[in-house]
Amino acid sequence: MRHGLSFLYAALSLGVIGGGLAGCSSEEAAERTQVPPEIVEDSRCRDFNPLGNPYFGDLHVHTTYSLDANTQGTRLKPEAAYRFAKGERLEIQPYDAAGNALRSRQLERPLDFAAVTDHVELFGEVEICTDPEAVGHNALECLYYRANPQNAFIVFNLYALGLPDLSRLPISNIPPFFQLPLIGADGRIPRMPFCGLQGRRCLEAAKTPWADTQVAAEMHYDRSSECRFTTFVGYEWTGSPLSNNLHRNVIFATDQVPEVPPAYQEFPEPEQLWEALAERCRPEDGCDYLTIPHNSNLSAGLMFLTEDKSRNPYTAELAALRRQNEPLVEIYQHKGSSECLNTTGAGMQDELCGFEIIPYNNTTGDRFNGFNTGPPLPQDYLREALKEGLLQEEAIGENPFQYGFIGSSDTHIVTPGEVRERNFPGHGGAGKPAIDEVPPGLTDLVEYSPGGLAVVWAPENTRPALFDALKRREVYATSGNRPIVRFFGGWGLPEGMCNAADFAEQGYAAGVPMGSILQPPEAASVAPRFAVAAMRDAHPHAEPLQRIQIIKGWVDGGEKREQVYDVAGDPSNGASVDLNTCATSGSGFSQLCRVWTDPDFDPAQRAFYYARVVENPSCRWSHRQCLAAEVDCNDPDGPPEGFEGCCDARFPSTIQERAWTSPIWYQPAVSPAS
Amino acid sequence: MTRLLRHPLLHFFAIGATMLVAAQALQPMLRALETPTLRVTTADRQQLRQQWLRETGVMPTDGEMRALLQWHVDEAILFEEALRLGLAERDPVVRDRLLRNMRFVQIGGPDDDEALLRQARALGMLERDPVVRRRLVQRMRHRLESQAMVDDAMLWTAASALQAMEAPAAFSFVHVFFSSDLRENPLDDARAAISRLGSGQDAPVDGDGFLLGAEFASKRATDLAQLFGPTFATAVASAPVGVWSGPVPSPFGVHLIRVSAATEPPGVRAPTLRQVVLHARQDAEKEALRIGMERLRSRYRIIDAGDALETAMRP
């Protein structure tokens with residue numbers, strides 16, 4: 001909702017704001033100050049481009065308002081996150097006894113947009129326990145919280161987010177267990193005792209950080225025609241039954257947001273979250289939202305279950321509800337990649353699936369000697385989920401998993417967009433914290449990584465334009481680098497698009513962009529064409545492109561299938577990395593482009609296609625730090641404290657940075673089910 | 001005359017006048033005695049220098065040293081004022097911290113909180129504990145900021161400022177691209193092409209395809225640096241308007257560019273009322289802090305031992 005200055009004039013002249021505060025009339029004020037420039041309503045941004053510009057951002061950022069960040073010594077608030085995203089140098093944890101920060105960071109390249117997405121579940125609890133003037137500040141739970149924050153994190157987290165998972169255990173089918181007040185007969189999770197009756201004290205206290213989150217977003221959103229930076233009000237719904245990750249980031253389209261955001265305790269199933277959001281965030285009030293699941297790789301098989309909370313199979317209605325509410329998924333972030341798993345099934349042919357795989361299947365990780373977790377599961381990875389979506393569509397007529405892809409950081413130290421392999425400070429959270437001192441050794445758990453970015457194709461950098469693009473999935477993810485990637489699908493895309501000066505114009509005219517549905521052709525014998533083009537990241541530290549692949553998934557007679565096609569570039573270009581210096585060598589490409597026709601197309605088969613753009617190899621963050629510390633894995637005394645990961649053969653020394661476009665789906669004319 | 005000199009009334013007036021003159025003369029001295037004094041020691045100066053050196057890697061300049069001293073003095077004033085207003089007795093964080101300190105070091109001694117707090121104060125913990133000090137300074141700063149009053153003028157100023165934020169230079173241009181992937185020597189090809197081009201002529205047809213197209217409108221230098229690298233951005237920013245120039249290198253190959261006249265922004269967007277109020281509030285808080293600090297500084301006498309002179313640290 002935008003107001004012109006005319007609204008301000010009217011408000012001032014009516015004395016709605018400020019009038020009585022200073023004893024100074026608006027006429028006098030107008031004389032003393034410059035007359036604001038003339039307002040042109042609905043004006044466009046300076047760099048408005050109907051064919052779209054690529055905007056880089058981070059939609060997953062935590063600050064001191066998140067329980068895990070707070071108990072790890074993160075003190076900075078949302079406004080600091082936005083200052084950092086806009087390019088300001090920020091002093092970050094840890095702090096010395098006098099409160100001086102021991103490290104600082106600054107983005108080389110500011111972001112175009114960002115959203116702070118703090119864990120909402122314990123907003124109120126954290127606020128009460130950290131605000132000395134809050135009622136309940138000296139409750140036993142808070143005394144414990146302040147005395148032993150790290151253990152309190154586990155206890156608070158278990159209580160708020162772990163206990164509900166009893167409902168997912170077999171015993172919950174037995175009536176006496178199902179009726180346990182701990183589980184909540186009304187489908188809610190009880191809050192901690194100091195939250196008072198029905199958790200009201202904590203829900204009330206939650207309004208303070210939530211209001212601050214909104215204020216920060218408003219303050220840093222550039223509404224001028226320069227359109228330098230866009231913010232979104234957002235939060236994270238943190239469902240983690242038994243540490244199995246079901247988290248969703250909720251992003252709001254405007255500054256019209258619910259008074260209290262729906263949290264896991266009150267709405268412990270995704271479908272309950274969507275219902276609550278639909279009720280509290282209504283289009284007629286100027287409110288709109290979407291939810292973005294992340295880290296399906298750590299959900300232990302739960303994220304893409306096709307069952308409702310009562311374990312009934314998805315209905316068409318529920319599948320459609322899911323698709324409408326969450327058009328996007330985070331394919332890559334600090335806690336690894338969720339694209340595909342190269343361990344079982346048809347994905348074995350795709351060696352590039354081995355990128356940043358976390359070697360366990362939930363957020364318990366290696367804590368407690370791996371108790372409560374296991375090896376990663378193929379069904380937690382998006383390629384399987386996308387194929388499962390096609391199967392669901394055949395079975396019930398609706399695809400619940402029609403996801404576009406974004407990347408983000410999931411930083412817990414208030415550094416959105418800090419996704420470089422060089423000088424990686426660690427992101428805390430489920431990773432390695434830096435509480436009282438910079439810990440010795442690697443700056444994060446070796447299996448974690450700096451995270452990625454979300455790239456949005458939108459005509460201008462405003463909330464409405466970006467949000468529309470997010471909803472229509474015209475977005476792609478990167479592993480932290482900034483290549484520019486276009487992907488179109490169509491029946492009549494010109495063969496010569498790659499050499500044309502108007503690649504995008506032809507793509508839109510003759511096809512659909514990434515994230516779209518490709519409707520059947522008029523002529524039954526035609527195969528679809530896909531035009532994919534990429535420009536390398538222009539940064540001096542970035543590597544040239546190595547190749548582009550198109551990944552196709554489809555269903556054939558009820559079986560899931562997939563195929564990876566190399567469509568441009570050269571996988572054997574000889575590019576390499578000197579592991580002693582991290583110097584790179586070998587040729588690569590500054591641009592790659594291909595108009596590709598599916599050679600195996602069957603018009604009766606549902607399918608999806610997405611592009612993967614891969615750079616030449618470069619050193620992983622951990623190897624850079626191991627080199628700097630001169631770690632010798634042949635030393636009989638073993639690596640120095642904190643550097644054990646340097647010698648863990650499960651983790652590579654190099655990576656190939658990459659981008660993943662949102663898929664394009666092909667839908668046959670008539671559903672086989674119908 | 002003698003009688004007059006001995007008259008009690010004369011004595012009364014004379015003594016009164018003497019006292020008045022003496023009082024006037026002594027007033028500054030008395031006032032100085034009442035004014036609280038803060039001392040900046042050589043050790044303070046040294047510590048500030050070292051802190052700056054640690055953070056920046058270089059010694060502070062004279063101007064930076066003055067700013068550091070002002071910051072140091074302001075913190076000391078805020079701390080003293082917080083003590084004077086009794087914030088240390090009431091603030092729950094300070095009390096908790098002192099009690100925790102005392103219970104940690106206590107061997108025997110009193111159990112009740114008030115007695116422990118008295119002991120902590122007697123031991124100088126208020127002054128020495130960095131957490132306590134920081135908390136009291138913060139409380140005092142918030143106290144000054146809370147005096148902020150947002151008036152109409154501030155709202156107007158904020159509204160104007162939000163709209164009139166300085167717009168950086170932006171450039172519209174066309175380019176012809178010579179790909180380093182596709183050509184053996186793109187630089188030579190570009191040189192040959194530009195020699196064929198006259199001022200204002202249309203682009204030649206022998207360039208290569210570029211994903212983002214051949215025309216760019218209203219791009220800031222920072223955007224160009226992100227898309228093409230800093231060398232290209234600098235070249236565009238310094239290119240003559242209306243004529244072909246180059247070759248200009250980029251990570252993609254080589255370009256010939258023709259910058260057209262700068263285009264004006266298409267219009268001015270209005271900030272929301274809420275945004276204006278929030279920014280005005282922020283400005284008002286800064287102003288309240290500035291005024292409050294000035295008032296407090298005037299109440300203190302600063303002795304700067306580093307200069308061996310009594311210096312009032314007033315703006």
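Convention: sequence-line order gives letters A, B, ...; per-chain numbering from 1.
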Option in R146(A), R536(A), E108(A), M497(A) with maximal non-hydrogen atom pairs under 4.5 Å from chain B | R536(A)

Under 4.5 Å from any heavy atom of chain B - which part of [X]:
X       : value
C498(A) : backbone
D537(A) : neither
A542(A) : neither
A533(A) : both
D502(A) : neither
Q214(A) : both
F503(A) : side chain
F48(A)  : neither

Contact class of [X] relative to chain A, heavy atoms under 4.5 angstrom:
X       : value
R90(B)  : neither
D96(B)  : side chain
L212(B) : both
F216(B) : neither

Begin from the C-alpha positions of L227(B) and I484(A) and carry the test side-chain contact (heavy atoms from CB on, under 4.5 Å) through to its verdict.
-> CA-CA 9 Å; L227(B) 293 174; I484(A) 293 171; 3.3 Å; yes

Is it true that R95(B) and E114(B) make a salt bridge, defined as a side-chain N closer than 4.0 Å to a carboxylate O?
-> yes

Indicate yes or no: at least one non-hydrogen side-chain atom of T130(A) is less than 4.5 angstrom from one of Y145(A).
-> yes

Quick one: does L453(A)'s side chain get under 4.5 Å of L111(A)'s, heavy atoms only?
-> yes

All salt bridge (Lys or Arg N to Asp or Glu O under 4.0 Å) counterparts of E64(B), not counting sequence neighbours = none

Parallel, tilted or perpendicular: ring planes of H539(A) versus H541(A), cut at 30 and 60 degrees | tilted

F252(B) and F232(B): aromatic ring centres closer than 6.0 Å?
-> no

Distance-only side-chain donor-acceptor flag, N461(A) / N53(A), under 3.5 Å = no

Compute whether any side-chain donor of one residue and acceptor of the other, for R89(A) and S104(A), lie under 3.5 angstrom apart.
-> yes

Of the listed residues (R220(B), R100(B), Q282(B)), which shares the most heavy-atom pairs with chain A below a 4.5 Å separation?
-> R220(B)

